[in-house]
Amino acid sequence: MNQTISNSKINDVELENEVDFVKELLSNKQRDAAFKKLLDLYQVKLYWLIRKLVGTHENADDVLQNTFIRIYKGLPNFTQDSSLYTWMHRIAYNESLRFIEQNRKKYYISVDDVNRKYLDNLMGDTFFEGDALQIKLNQILSELPDKHREIFNMKYYDDLKFREIAEITGIKEGTLKTSYYNTVSIIQDKIENIQISPLKKVD
Amino acid sequence: MKVYMNNKSESVRFNDEKQSKIHREDLGLVVPEDYFAQSKNQILMKTVNDKSFTIDWFLNKKIIWKVAASMVIALGIGTYFQYSPNTIQEATTSSLVEIKSSNKMNQSLVELDSNQAEEKLESIATPDLNKKNEPKTLNLHHVVQDENDILVKSLFVEEAEVDQYLEKSILEDI
């Protein structure tokens with residue numbers, strides 16, 4: 001785990017020529033082939049973003065499919081104000097929040113209980129294979145305020161830049177940085193108490 | 001571009017595996033075997049392979065809606081001006097002016113017998129369908145003028161026929 005954390009920097013998968021790729025996505029002839037390529041590039045990244053927001057694999061699978069359907073439908077209206085990658089992340093993020101809110105209303109869960117429910121669902125998920133330390137780390141994360149946890153996950157696990165997180169969440173970069181470093185500090189304190197080595201440093 | 005993408009796919013795969021590994025080792029989150037390939041197929045079934053999306057894609061293009069809206073507005077304006085009351089009145093007036101300036105009508109009237117001529121005069125001089133009272137005044141004016149023309153034309157027609165026409169129709173009207 002120590003090694004994983006220290007070497008967890010994930011390289012960006014960015015398109016060298018995004019403009020051309022977007023043209024292919026908008027072209028009637030090349031659209032389908034380009035969309036398949038889009039899936040190859042971003043499916044896994046978006047899956048993990050969603051998974052950490054909604055908890056279980058089953059939920060993440062539903063949200064991921066809805067996300068890509070929305071992306072496919074929304075491509076004609078993609079204005080290229082932001083990068084394709086950021087635009088898709090924003091759709092995935094909003095789709096996840098929509099799913100959480102729908103579930104909260106559906107099962108009459110109060111806002112305060114959402115995090116506890118998240119952890120319960122995670123523990124009950126067939127595709128959670130965490131040991132005691134991993135359960136503890138998940139617990140620490142679930143106890144964080146929603147926005148702080150989301151920012152931490154996007155920065156630490158999804159390796160997004162602060163600028164990209166700002167575009168996705170609509171929160172100012174300065175606020176994001178403050179929130180992130182505070183969260184890292186909180187997690188490190190709690191991890192030290194359970195004898196897990198410190199988190200990686202982020203530039 | 002395609003060459004670049006093909007070359008990139010190895011590094012994409014590497015990064016995907018790396019990301020899956022960190023989530024598994026840090027957070028204990030795993031995915032079913034071959035999940036991403038199956039998920040990709042399902043997504044493609046619901047998007048690229050779904051024919052109903054072709055129409056959606058077409059309708060999603062904003063330019064299509066703008067063109068359609070412009071056509072509807074143009075059609076609406078065209079229809080309004082075509083059937084507006086002012087246009088109908090103008091059309092009626094112009095048709096009356098045409099009748100007035102037509103010499104053919106007079107010639108044909110002379111050739112017809114008196115009853116037929118009277119009927120034809122009325123049918124030609126009263127084309128206005130909407131305003132029934134106003135055209136009557138106009139028609140009377142036209143009839144008097146037409147009668148004068150008929151008298152002129154009578155110089156070239158046999159007297160007996162003119163007398164017969166005058167006795168039966170015009171004197172009664174006067």
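Note that this is a predicted model, so its numbers are computed, not measured. Order of the sequence lines sets the chain letters (A, B, ...), proteins ahead of strands, with each chain counted from 1.
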For [X], is it the side chain, the backbone, both, or neither that has a heavy atom closer than 4.5 Å to a heavy atom of chain B?
X         : result
Lys36(A)  : both
Phe68(A)  : both
Leu141(A) : side chain

* Is there a donor-acceptor contact under 3.5 Å linking the side chains of Tyr157(A) and Gln19(B)? ->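 Looking only at side-chain atoms, Gln19(B) and Tyr157(A) do not form any donor-acceptor pair under 3.5 Å.
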* Where does the angle between the aromatic ring planes of Tyr35(B) and Tyr47(A) fall among parallel (under 30°), tilted (30 to 60°) and perpendicular (over 60°)? ->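 If you compare the ring of Tyr35(B) with that of Tyr47(A), the planes turn out tilted.
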* To do: Assign the ring pair Phe152(A) / Tyr156(A) to parallel, tilted or perpendicular, where the plane angle (0 to 90°) is split at 30° and 60°.
  =>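 Geometry flag for Tyr156(A) against Phe152(A): parallel rings.
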* Asked: Between Met154(A) and Tyr93(A), which heavy-atom pair has the shortest distance, and what is it?
  ->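 Closest approach of Met154(A) to Tyr93(A), heavy atoms only: CE-CD1, 3.3 Å.
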